[in-house]
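What follows is a short report on a single structure.
Chain naming here is simple, since letters A, B, ... match the order of the sequence lines and numbering starts at 1 in each.
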Amino acid sequence: MCGDEGAGVIVTEYDPHAIEQRWLVAWEDLDLRRPGAPKRYVLDMFPYPSGDLHMGHGEAFSIGDAVARYTMLRGYDVMHPIGWDAFGLPAENAAIKRGTDPATWTYTNIETQAESFRRFGVSFDWSRRLQTCDPEYYRWTQWLFLRFFEKGLAYRKASPVNWCPNDQTVLANEQVVQGLCERCGAAVTKRNLTQWYFKITDYAQRLLDDMEPLVGNWPDRVLTMQRNWIGRSEGAYVQFVIEGRDEPVTVFTTRPDTLYGATFFVVAADAPLADELVTDGQRSAFEAYRERVKGLSEIERQSTERTKTGVFLGVHAINPANGEKLPVWAADYVLADYGTGAIMAVPAHDQRDLDFARTFDLPVRVVVDTGLEDPLTTGIATTGDGRLVNSGPLDGLAKADAIRAMIEQLESSGGGSGTVIFRLRDWLLSRQRYWGAPIPIVHCTSCGEVPVPDDQLPVLLPPPDQVDLKPKGESPLGTAHSWVEVPCPSCGATARRDTDTMDTFVDSSWYFLRYCSPHYTDGPFDPAEVREWMPAAQYTGGVEHAILHLLYARFFTKVLQDLGLVDFGEPFSRLLNQGQVVNQGKAMSKSLGNGVDLGAELARHGVDAVRVTMLFASPPEEDIDWADVSPSGAGKWLKRVWQLAGDVAGRPGGSSDLEVDRAVARLVAETERHMEGHRFNVAVARCMELTNVLRKGFDAGCDVRAGTEALAVMLSAFAPYTAEEAWHRLGHQDFVAKQAWPQVDPALLVRESVTCVVQVAGKVKARLEVSPEIAEEQLRAQALDDPSVRRALAGRGVGKVIVRVPKLVNIVPA
RNA sequence: GCGAGAGUGGCGGAACGGCAGACGCGCCGGCCUUAGGAGCCGGUGUCCUCGGACGUGCGGGUUCGAAUCCCGCCUCUCGCACCA
C-alpha cells in the first residue's frame, strides 16, 4: 500500500531523487481509474519515437498530465492513454544508416521513451498502450482504408505531385512547407505519378461548418489556419468558346462582374489543356517554355517577386459577354490544380493579370470605376467596390449587384453558373517507402484494383531482409518479389500487390479511437466503448499539427460517422496547443549548440522541479525560454512544501485562525478557477501563495493541517512525487493522487470586511475597511469624510459620486 | 501582400471595465554561519520639495473610471502566400 514497503527508503531531508525512487516503486500497481464515476477522455498527442524524450515532450506532458490529474482529482473516471506514432521515414533512414531494421530501431526507442515517461511520473493508463506499427494496429488501418475504398473515398489517379528528391517519395500538400520538404528541407519538385488519394475535398464544406461549435474551445489561430487551408471561394464558372474547338473551356472567377474587362485568357502551362490548345505554329515555343517551368523549384515558381512569364498559344477564346476575341496564353502563374487550371484575365482589377499584361503589352480595360487612378498608369489593379462601366447591361451597378446580375445572366444563357470552390486538395496518401502500413490492394490485369478481403488482413510487411530499403523512387516493397506476387482475390490469376505504404498521418487519424478498446479484435474499435469516451474532452499537443493531423483526424471522424461507425462528427471537444521550449530566444538545435537535455535537467533538479518550472513559466500556449526560468526556484518551493508537511505532522493541534482559513479557501478556489481555464502558471502561483500563508500561520501557532492537506492534493496535479511524499509525511497511508480536490466552504469566501477604494477623479486617495453589507449612503458618507479625500478635494465642491458597494467610491469634484 | 495574435518593472509574467505589477527569478540590505552558489527576514516601477506627481508601444475616442472597450498608427511573432 504505502511507499516505504516498496522501496524501503526513509527520506529524512528533501531529496527529490530519493522521493522519486520511493514512489516510482509504490505506484507500480496504482490504478487511478474511478469506476462508476462520470467518464472523461484526456488525450495527449502521441509521440514519435525518434529517440529519448526531449524538452518539448517535457512541456507537453507536464501540461497534459496536469490536466489529467486535475480531472481525476475532480472525481472523474479519466482515460489518459499513451501510445506511439511508430511508422515513418526516420526509422527507415536510421535503419539504412545503421544497417539495422526499422522495427528494431523503433521498438528500442519506444522502450526508452516508455521508461522516461514512467520516471516523469505521468499518469498514463499503460494497459491501453498501442503502437501504430504493430500488426494488430495496422490491420485496422488497412481495414479502414478498404471502407474508404468501398465508398469511393480512396482512389488512384495520375497527376503532378509533390516530390522530395532527397527522401525519394511523394508528399502531401500539407507536407510541403514554403516549397521545401517538411521532413528534410529539400526543395520539392513536381512529378507526374499515379498515386492514392483520400477524397477529403468531398468534406470541405463540412470541415468548415463543423468548426462552429469549436470556436472558443479550440485556439482561434488553429481554426483560422484550417479555414484558410480549406480556402472556400465563392464565384462562378464561365464557359469560353475556343476558336476552332468544339468543346468550350470553363474558368472559375470570383469576379464575374468584371467579365467585360477580360482582355486575354490564360491556361496553366503544366495543365494538359495547354498542350491540347496550342497551335502547330506555337508548339515549339510552348514546349520550350513548359520545359523551363518544369525545371523551376516550387520556391522559385511561387515567388511573387518574379516578373511574369508566359507564351502565346496561337488560339483565341470568345468572351461570352461581348463576343470579343481574347488571345490564349500559357503561363505558370496560373495553377493547374486550382479551379479549372484556366482563367479569364482582367488586368484592370487583378494584380497578377495586370503584371502579366504590362509585361506582354496586353490591353487593360477598366470596367469598375473605383474612383482610383487608371491601373495601366499606376501599375496597381483596383479591386475595391465601385460602379460598373464599359459593361453593357451591367453599367451603373455596384460590384455586389453586378456579380449577382452576371451570374443570373450566365445561368439563364447556359454560359455558366454560380459556384463555390475550395483550395483544399485531395489527400495524397501513398508513399514509396517501407516502414508504413501496406495498402491492402491487389492489382490484377483483368479485375483491376481488387481489395484484399477483410479476413486476410493484415497485409503484413515483408521481412526487412527480403527488401532493398535504399530509396530509388519506387517503393522498396516492390523488391520483395515473393511478397508482391499473389493470386488475385477475385479471379485467382497471378496479380501484384500494391507496393506503396500509407502516409503515417493515416495511422494517427484514428488512434484516439483505438485507445478506447486497444485490444478489440472484431473491428478497429468497440463501438460501445467509443460511445462511452468519445469525443475526447481534452486534446493537448503542439501547434505544428494545426492543419495536418487535426484536419485529417476531423476528416476521418466524419467519414466514420457517415459509415455509421461513430455517432459524432468532431473528435476533440477542447484543444490546447502548448508552446515550445527554446533556449536564449532560439529554437534548440545542434548547429546552434544551445540544446538542453531533458534527462540532464531531471537529474539536476528532479522531476517535480522541472515539471513545475514548465507549468509556472508562462501560460501554456507561450514558448518557454529555458534561459529565463528557474528550476532551482521551483525546487525551493517544493522543498518548502515538504518541510511544511513535516512540521505540521510533528506539531499536532494549534489555534484556529479565521483569517488563515479564509485565505486558504480563497486560494483553493482561485487555483481551481485557473486550472479550469488552463492558466497553470497562475494556479501554481496561487499554490505558492498558499504555502506562504500556511507557513506564516503555522509559525504563528495556528492549526494549518487542513490547509496543508489541501495544498498537497492540489500539488499532486503538478508535482506528483513531492505531493505524494508530503501526503505521506502528514500521516496518510493512501495515495494523494486518489484524493478529491479540496472542497471550499462558501461561507469562508464571504469576507467579514472588505477594502473599499475611494477615488477622487478616478485616482485612488484612500482605502476603507468596511462591512460587505454596508449601505450605499453610509459608504458614501464615510468616503466623503476621509481626511485624505478632503485634502484631495482641496476646497472644490463634490460633484457626481459613483458608489459601487462595497468595493469602490469615485468622487468627481464639481 | 493577405490573415491571426501580442506589446505591462532588469526578466518570466499577474490583474470580472474599478487598488497596475500577484507569484517567481534577479538584484540590494540584514540575520545565521569557520564558510555560503545553503537557509531565514526585509526591500525592490520611475521621479520627488516626502505632501505627492507620473506610469501598461504611440496618438485619439467612449466612460465617473481604461493595461482591459472602440478608431488610427508603430513594432514584433506566427500562419498563408501567383488560390483567379
Classify the nucleic acid contact of [X] as base, sugar-phosphate or nothing, counting any heavy atom under 4.0 Å across all strands shown.
{"X": "A:K807", "value": "nothing"}
{"X": "A:H674", "value": "sugar-phosphate"}
{"X": "A:N681", "value": "sugar-phosphate"}
{"X": "A:V764", "value": "sugar-phosphate"}

Return no unless some side-chain N or O of [X] is found under 4.0 Å from OP1 or OP2 of [N].
{"X": "A:Y333", "N": "B:rA84", "value": "no"}
{"X": "A:N692", "N": "B:rA22", "value": "no"}
{"X": "A:S632", "N": "B:rG37", "value": "no"}
{"X": "A:R423", "N": "B:rA81", "value": "yes"}

Given the [atom1] atoms of [N] and [M], what is the spacing between them in whole Å?
{"N": "B:rA67", "M": "B:rG13", "atom1": "C1'", "answer": "14 Å"}
{"N": "B:rC73", "M": "B:rG24", "atom1": "C1'", "answer": "35 Å"}
{"N": "B:rC41", "M": "B:rC32", "atom1": "C1'", "answer": "11 Å"}

*asked:* Could you tell me how far apart A:K636 (NZ) and B:rA38 (C1') are, to the nearest whole angstrom?
replied: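 Roughly 10 Å, once rounded to whole Å.
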*Donor-acceptor contact below 3.5 Å, side chain A:K399 vs main chain A:T383*: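 Checking the backbone N and O of A:T383 against the side chain of A:K399, a donor-acceptor pair under 3.5 Å is found.
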*How would you label the glycosidic angle of B:rG5: syn (within 90° of 0) or anti?*
anti
*Can a donor-acceptor pair under 3.5 Å be found between the side-chain atoms of A:Q351 and the base atoms of B:rG1?*
no
*Close aromatic pair by centroid cut-off 6.0 Å: A:Y333 and A:F356*: yes
Show each protein N/O and nucleotides 51-58 of chain B N/O combination with a separation under 3.5 Å, one pair to a line.
unit_1	atom_1	unit_2	atom_2	d
B:rG52	OP1	A:R791	NH2	2.7
B:rA53	OP1	A:K765	NZ	3.3
B:rA53	OP2	A:K765	NZ	3.4

